[in-house]
Amino acid sequence: MRPQGTVKFDNTDRIVIVTGGSSGIGEAICREFARSGATVYSADITEPESPIEGVTHLPCNTATDEDCERVVQTVINQHRAIDVLVNNAAIQPPGSYVPLHELPTSLWNRIVDINLTGYTWMAMHSLRQMQQQKSGCVINIASGQGHRTARGVAAYGPVKAANIMQARQWALEYARDGIRVASVSPGAIDTPLVRASLNQQGGEAAIANRHPLGRIGTPEEVAAAVLWLSSDAASFVTGTDLEVDGGLGAFGAFADPYPMADD
Ligand SMILES: NC(=O)c1ccc[n+]([C@@H]2O[C@H](COP(=O)([O-])OP(=O)(O)OC[C@H]3O[C@@H](n4cnc5c(N)ncnc54)[C@H](O)[C@@H]3O)[C@@H](O)[C@H]2O)c1
């Protein structure tokens, strides 16, 4: 069973910014917000292959503070409001799947600049507006690799852990302004980012097998969690991390491995 787009939310009149909306999880988040009535802006360094109705592409390198400020200001100029910011744009280059002592400095810097500092710039500018409104929601897309170890994620893993802590920190700081902040930690999800590194991770069947549900997830399943967290149904939820991972996080070090299908 691969549930997709089955959850109904009403985001009529809500203004949403998603970073990295041209591909994968970000694209699904944009589509689901637009489908539920929101006006959506995707801040991405890459043009989308096919535009989504209700989603405006704003060219942006989130590693650059000026780009982030320009994107946020564009949305504020249009609507005088930002209801939801989803920090999602991130990279995990195949070349970064090496032990720390082999990691090129340039890759460390790119991963930190985009995956960590980019989230900070977007939140900093959006939170100023949300604070004035006395409402808003920020969701950081983190990762299961921010919770537990894997080989070859010397930069990506610690930075994804920091995405979870960013959300907690901002949740505390802005709670009394009516702003909620949370993070979502996906397991392996079927996107170009994961497909680019299947070999480094032992192949698709091996990755799927590590998830107790026996498969990798869909971008829509992550989008559903984001839409729920940003909805009024989650009005008493802030500072939390939601793992959307097919049970990967419950798979303990002492658990017996699942046999592979061809064992
Ligand atoms: N796919 C997974 O299995 C998985 C698992 C855990 C966490 N995540 C997280 O989910 C998020 C989305 O991942 P995905 O798999 O959809 O990736 P993806 O590569 O499919 O999409 C990432 C998008 O971000 C954009 N982007 C990259 N650098 C950018 C920059 N500097 N400025 C603006 N946009 C930029 C890309 O153009 C692309 O559209 C990331 O935060 C990733 O760490 C993914």
Side-chain angles (χ1 to χ4, degrees), residues 17-32 41-52 55 57-72 85-94 96-97 107 109-123 138-148 150 153 155-164 166-167 183-198 200-201 204 207-208 210-211 215-223 225-226 241-246 248-249:
I17 303 177
V18 179
T19 67
S22 294
S23 169
I25 292 170
E27 184 185 330
I29 294 170
C30 286
R31 198 179 326 104
E32 294 302 314
Y41 292 87
S42 164
D44 201 305
I45 202 163
T46 314
E47 285 264 341
E49 260 178 37
S50 41
I52 303 168
V55 180
H57 167 72
L58 297 174
C60 175
N61 176 2
T62 55
T64 311
D65 185 30
E66 296 74 45
D67 276 18
C68 295
E69 187 169 19
R70 181 180 39 75
V71 159
V72 169
L85 165 69
V86 184
N87 273 322
N88 164 81
I91 57 166
Q92 188 172 22
S96 70
Y97 279 89
L107 270 189
N109 287 337
R110 277 189 66 214
I111 289 170
V112 170
D113 287 351
I114 298 170
N115 299 13
L116 180 61
T117 314
Y119 281 30
T120 296
W121 299 144
M122 287 301 297
V138 179
I139 311 284
N140 277 1
I141 305 300
S143 170
Q145 292 183 334
H147 285 272
R148 55 197 68 82
V153 294
Y156 184 86
V159 163
K160 285 287 151 184
N163 293 156
I164 297 165
Q166 283 176 313
S183 54
V184 172
S185 288
I189 307 295
D190 192 355
T191 72
L193 178 142
V194 154
R195 296 235 153 248
S197 62
L198 280 180
Q200 282 89 341
Q201 301 195 62
E204 184 170 351
I207 298 177
R210 271 183 231 136
H211 295 69
R215 62 175 176 87
I216 65 173
T218 67
E220 288 74 16
E221 288 172 315
V222 180
V226 170
D241 180 77
L242 178 56
E243 295 197 69
V244 180
D245 69 351
L248 183 71

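As the structure lists them, so they are numbered: ligands from 1, and atoms in each ligand from 1. Side chains are part of it too, since the values below use all heavy atoms of this structure and drop only hydrogens, waters and symmetry mates.
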Side chains of N115 and I91 in contact at under 4.5 Å (non-hydrogen atoms): yes
Test of proximity, G21 against ligand 1: N or O pairs below 3.5 Å: no
Atoms in ligand 1 flagged as close to T46, the criterion being non-hydrogen separation under 4.0 Å: 37 (O)
Polar contact flag for A188 and ligand 1 (N/O pairs, less than 3.5 Å): no
Minimum-distance protein heavy atom relative to atom 17 (O) of ligand 1: L193 CB, 3.3 Å
Trace of the side-chain contact (heavy atoms from CB on, under 4.5 Å) decision for E27 with T191: CA-CA 10 Å; E27 184 185 330; T191 72; over 6 Å; no
Heavy atom of Q145, distance to ligand 1 below 4.0 Å: no
Least distance between heavy atoms, A123 atom then N87 atom: CB-ND2, 4.2 Å
salt_bridge(R70, D67) N-O dist < 4.0 Å: yes
Residue part near ligand 1, for Q92, under 4.0 Å between non-hydrogen atoms: neither
Check: T117 side chain, V112 main-chain N or O, donor-acceptor pair, under 3.5 Å: yes
Point-to-point distance, once rounded to the nearest 0.5 Å, from CD1 of I216 to CZ of R195: 5.5 Å
N/O separation below 3.5 Å, I25 to ligand 1: yes
Atom 18 (P) of ligand 1: the protein heavy-atom neighbour that sits closest, reported with distance to 0.1 Å: S23 OG, 3.6 Å
Heavy atom of the protein closest to atom 33 (C) of ligand 1 (residue, atom name, distance): C60 O, 3.1 Å
Over all atoms of both residues, closest heavy-atom pair of L107 and P93: CD2-CG, 3.7 Å
Per-residue contact class, A142 against ligand 1 - non-hydrogen pairs under 4.0 Å: backbone
Non-hydrogen atom of G187 closer than 4.0 Å to ligand 1: yes
Ligand 1-proximal atoms of T62, by part, heavy-atom distance under 4.0 Å: both
For atom 2 (C) of ligand 1, closest protein heavy-atom neighbour: V194 CG2, 3.3 Å
D44 heavy atom under 4.0 Å from ligand 1: yes
Nearest protein heavy atom with distance in Å, relative to atom 31 (N) of ligand 1: N61 OD1, 2.8 Å
Nearest atoms (heavy-atom pairs only) where A142 meets N163: CB-CB, 3.9 Å
Test of proximity, S143 against ligand 1: N or O pairs below 3.5 Å: no
Ligand 1 N/O within reach of I45 N/O, cut-off under 3.5 Å: yes
Test item, A28 contacting ligand 1 (heavy atom, 4.0 angstrom): no
P192: numbered ligand 1 atoms lying under 4.0 Å from its heavy atoms: 20 (O)
Minimum-distance protein heavy atom relative to atom 14 (P) of ligand 1: T191 OG1, 3.6 Å
Side-chain donor/acceptor of K160 to backbone N/O of H147, under 3.5 Å: no
Check: S185/D241 side-chain N/O donor and acceptor closer than 3.5 Å: yes
Nearest protein heavy atom with distance in Å, relative to atom 42 (C) of ligand 1: Y156 OH, 3.4 Å
Nearest heavy atoms of I189 and P186, plus distance in Å: CG1-CB, 3.6 Å
Residue part near ligand 1, for S185, under 4.0 Å between non-hydrogen atoms: neither
Distance from atom 11 (C) of ligand 1 to nearest protein heavy atom, with residue and atom: N88 OD1, 3.1 Å
Enumerated ligand 1 atoms positioned under 4.0 Å from heavy atoms of Y119: 41 (O)
Among G146, A90, S42, G24, closest by any non-hydrogen atom to atom 22 (C) of ligand 1: A90
Side-chain heavy-atom pair I141, V184 within 4.5 angstrom cut-off: yes
Closest heavy-atom pair and its distance - H57, D44: CE1-O, 3.2 Å
Minimal non-hydrogen separation, G20 against N88, with atom names: O-ND2, 3.2 Å
Q166 side chain to L116 backbone, donor-acceptor under 3.5 Å: yes
